Amino acid sequence: MVGAGTGGTTAARFAGRAGLKVCLLDTKPREKVGEKVCGDAVGGEIFDILGIDPPRKEDLAWKVKGAKLVSPDRQTSIMMVDPSQAGYIVNRREFGQRLLDEALGAGSVEFRERTFAKELIVEGGAVKGVKVRDKTKSGTEEIRAKVTIDATGYHTPLRKCLDSPFIERDIDEERDSIICYREIVDLGTAGDFDPDYIVITLDQKLAPGGYLWHFPKNKTSLNIGIGTYLKFTREIKKLYFQNAFQPYVNAKKYTVTARGGGLVTVRRPIDSAVEDGVMFVGDAAAQVNPL
Ligand SMILES: Cc1cc2nc3c(=O)[nH]c(=O)nc-3n(C[C@H](O)[C@H](O)[C@H](O)COP(=O)(O)OP(=O)(O)OC[C@H]3O[C@@H](n4cnc5c(N)ncnc54)[C@H](O)[C@@H]3O)c2cc1C
């Protein structure tokens with residue numbers, strides 16, 4: 001299992017629970033697993049579907065009752081208040097650490113930190129494992145497995161190297177991805193926003209190809225972000241400030257506690273997530289489409 005993000009730790013949990021012997025590896029040191037620039041919002045029903053405990057302890061930042069979707073003219077909004085739309089705002093690192101701990105407790109799952117997967121081992125047209133580099137040592141080694149799962153996220157160095165008629169190696173990034181930038185902003189006092197709802201604004205002028213988001217992190221803090229076509233990458237911080245931050249933040253004093261960006265696919269999943277000896281999950285399979 002290559003990659004210990006949300007996809008890899010969840011796949012490892014179920015493989016371990018099914019009695020399989022799993023080697024889960026990640027290029028990060030163990031304590032950094034779960035660190036990811038994110039909107040931090042997770043719908044509640046996914047935990048019921050997967051039979052995983054929802055965030056309850058240090059992984060829980062805030063609970064929301066639903067979502068407010070704002071139309072392009074900003075005159076109309078739809079409140080999504082069905083109980084299935086209720087959700088959680090997670091503390092991203094703690095959430096990832098909890099998923100990792102639970103995967104390691106699910107049967108025979110071992111974790112190798114600081115281990116970078118360089119390429120798939122392909123023999124006779126079938127994937128037989130991965131070539132890895134332990135970052136604490138020199139040289140490369142092979143990890144062989146009956147099935148290799150690529151859960152390395154959006155940039156997936158593994159899928160991009162697989163020569164198969166069934167697996168889409170490359171996606172059209174200009175068309176099928178958005179660039180996102182977000183800040184977590186503590187306004188100091190409550191009252192400037194409704195802490196019970198995440199707000200998503202779809203507006204092709206303010207956020208071309210994507211959307212703006214304002215997600216409460218707690219009573220006084222917001223996770224504010226913007227996603228746009230990749231061609232706006234160089235302007236993303238300017239667009240964020242003009243369109244997502246300035247019109248919404250009235251507080252004179254505020255503190256930005258985190259900032260950063262990343263790429264997200266906005267397309268269908270890859271045609272096949274399976275080839276001989278290999279599977280693809282999460283962002284590596286474009287299984288996530290926030291639009
Ligand atoms: C700005 C932003 C906001 C977002 N907001 C939300 C949101 O509010 N809600 C939501 O549900 N989703 C959100 N997403 C999407 C969500 O973060 C991803 O869909 C999700 O993290 C994908 O999980 P994953 O396990 O597939 O990949 P990742 O979380 O990216 O995990 C991949 C793992 O693989 C490891 N890895 C990568 N390459 C290698 C390698 N070669 N060798 C070994 N290890 C490797 C990485 O270190 C990482 O731990 C957001 C994304 C961004 C960028």
Side-chain angles (χ1 to χ4, degrees), residues 1-13 23-47 55 61-62 64 67 87-90 92-93 95-97 99-100 103 111-120 130-135 140 143 148-161 177-184 198-200 210-217 223-228 236 240 244 258-266 269-270 273 279-291:
M1 192 78 63
V2 188
T6 319
T9 50
T10 305
R13 168 198 299 253
C23 174
L24 171 63
L25 58 94
D26 202 289
T27 185
K28 291 178 182 166
R30 181 175 174 152
E31 68 274 12
K32 289 200 181 288
V33 166
E35 283 184 6
K36 165 129 190 160
V37 173
C38 191
D40 304 333
V42 194
E45 67 183 342
I46 194 66
F47 296 99
W62 197 244
V64 288
Y88 302 91
I89 306 296
V90 296
R92 198 62 180 74
R93 182 185 165 279
F95 182 59
Q97 289 282 317
L99 293 180
L100 175 60
F111 181 57
R112 287 188 56 168
E113 62 171 355
R114 299 171 206 261
T115 304
F116 179 77
K118 291 177 66 176
E119 58 185 298
L120 294 168
V130 271
K131 283 188 188 152
V132 302
R133 184 168 55 82
D134 182 330
K135 288 160 111 179
T140 57
I143 298 179
T148 302
I149 299 188
D150 175 6
T152 54
Y154 179 92
H155 296 285
T156 176
L158 305 181
R159 193 194 78 223
K160 285 180 182 162
C161 298
S177 299
I178 55 172
I179 171 95
C180 297
Y181 178 77
R182 73 97 175 88
E183 292 183 348
I184 299 178
I198 62 168
V199 180
I200 295 170
Y211 51 93
L212 308 175
W213 75 83
H214 295 81
F215 294 173
K217 187 83 187 171
N223 182 319
I224 305 177
I226 184 171
T228 68
I236 190 84
Y240 163 83
R259 49 168 65 90
L263 295 165
V264 180
T265 50
V266 284
I270 55 172
M279 296 166 73
F280 301 87
V281 304
D283 281 2
Q287 286 173 331
V288 176
N289 180 352
L291 286 181

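Note that ligands are numbered from 1 as they come in the structure, with each ligand's atoms numbered from 1 the same way. Note that this is a predicted model, so its numbers are computed, not measured.
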| task | Kindly confirm or rule out an N or O of Gly39 lying under 3.5 angstrom from an N or O of ligand 1. | result | yes
| query | Got the closest protein heavy atom to atom 31 (O) of ligand 1, with its distance? | reply | Gly5 CA, 3.5 Å
| note | Of all protein heavy atoms, the one nearest atom 48 (C) of ligand 1 is Asp26 OD2, 3.4 Å
| field | Where ligand 1 meets Lys28 - atom numbers and elements under 4.0 angstrom, heavy-atom basis | value | 47 (O), 49 (O)
| Starting from atom 41 (N) of ligand 1, which protein heavy atom do you reach first, and at what distance in Å? | Ala117 O, 3.1 Å
| remark: Looking only at heavy atoms, the pair that brings Leu100 and Leu24 closest together is CD1-CD2, 3.7 Å
| Polar atom proximity, Thr6 to ligand 1 (N or O, under 3.5 Å) | yes
| note | closest protein heavy atom to atom 45 (C) of ligand 1 is Thr27 CG2, 3.7 Å
| field | N or O pair under 3.5 Å between Val37 and ligand 1 | value | no
| query | OG1/Thr115 to NZ/Lys28 distance, rounded to the nearest 0.5 angstrom? | reply | 14.0 Å
| request: Supply the atom-to-atom distance Cys180 SG to Tyr240 OH, rounded to the nearest 0.5 angstrom. | output: 12.5 Å
| Which residue pairs satisfy the side-chain hydrogen bond (donor to acceptor under 3.5 Å, both in side chains) criterion with at least one member in residues 36-46, sequence neighbours excluded? | Asp40-Lys217, Asp40-Asn223
| query | Is it the side chain (CB and beyond), the backbone, both or neither of Cys38 that lies under 4.0 Å from ligand 1, heavy atoms counted? | reply | both
| Residue pair Ile143 / Cys23: nearest heavy atoms and the distance that separates them | CD1-SG, 4.4 Å
| field | Note, Tyr181 side chain near Val37 side chain (heavy atom, < 4.5 Å) | value | no
| Between Gln97 and Val33, is there a donor-acceptor pair closer than 3.5 Å when you use the side chain of the first and the backbone of the second? | yes
| remark: The single option from Leu25, Val2, Thr140 that satisfies side-chain contact (heavy atoms from CB on, under 4.5 Å) with Val132 is Leu25
| query | Tyr88 and Phe47: aromatic ring centres closer than 6.0 Å? | reply | yes
| note | Within 4.0 Å of some non-hydrogen atom of Gly262, the atoms of ligand 1 are 53 (C)
| Gly3 heavy atoms, cut-off 4.0 Å: which ligand 1 atoms fall inside? | 33 (C), 34 (O), 35 (C)
| query | Between Thr265 and Val288, is there a donor-acceptor pair closer than 3.5 Å when you use the side chain of the first and the backbone of the second? | reply | yes
| message | Are there over 12 heavy-atom neighbours, none belonging to Lys135, within less than 6.0 Å of that residue's NZ? | response | yes
| message | Could you check whether atom NZ of Lys32 has more than 12 heavy atoms from other residues, nucleotides or ligands sitting under 6.0 Å from it? | response | no
| request: Measure the distance from atom 38 (N) of ligand 1 to every protein heavy atom, then report the residue, atom name and distance (to 0.1 Å) of the closest one. | output: Thr152 CB, 3.6 Å
| request: Specify side chain, backbone, both or neither for Arg92, according to which of its non-hydrogen atoms lie closer than 4.0 Å to ligand 1. | output: side chain
| query | Can any side-chain N or O of Glu113 pair as donor or acceptor with the backbone N or O of Pro29 at less than 3.5 Å? | reply | no
| Is a donor on one side and an acceptor on the other found under 3.5 Å between the side chain of Arg93 and the backbone of Glu31? | yes
| request: Go through ligand 1 atom by atom and flag the ones less than 4.0 Å from a non-hydrogen atom of Gly282. | output: 26 (O)
| message | Tell me the protein heavy atom at minimum distance from atom 26 (O) of ligand 1, and give that distance in Å. | response | Asp283 N, 2.8 Å
| task | Heavy-atom contacts with Asp40 under 4.0 Å: which atoms of ligand 1 show up? List them by number with element. | result | 7 (C), 8 (O)
| remark: ligand 1 atoms nearer than 4.0 angstrom to some heavy atom of Val264 are 51 (C), 52 (C), 53 (C)
| query | Is Gly7 in polar range of ligand 1, meaning some N or O pair under 3.5 Å apart? | reply | yes
| message | Please work out, at 4.0 Å between heavy atoms, whether the side chain, the backbone, both, or neither of Val288 comes within that distance of ligand 1. | response | side chain
| request: Among all protein heavy atoms, pick out the one at the shortest distance from atom 7 (C) of ligand 1; state its residue, atom name and that distance to 0.1 Å. | output: Ala41 O, 3.6 Å
| message | Return the closest protein heavy atom for atom 29 (O) of ligand 1 as residue, atom name and distance. | response | Lys36 CD, 3.5 Å
| said: Please list, in number order, the atoms of ligand 1 under 4.0 Å from a heavy atom of Ala151. | reply: 32 (C), 33 (C), 34 (O)
| message | Quick check on atom 15 (C) of ligand 1 - does any protein heavy atom sit closer than 4.0 Å to it? | response | no
| said: I'd like to check which ligand 1 atoms, numbered from 1 as shown, lie under 4.0 Å from a non-hydrogen atom of Thr115. | reply: 42 (N), 43 (C)
| task | Answer yes or no for Phe215: is there a heavy-atom contact with ligand 1 below 4.0 Å? | result | yes
| What's the spacing between Ile200 CD1 and Leu212 CG if we round to 0.5 Å? | 10.5 Å
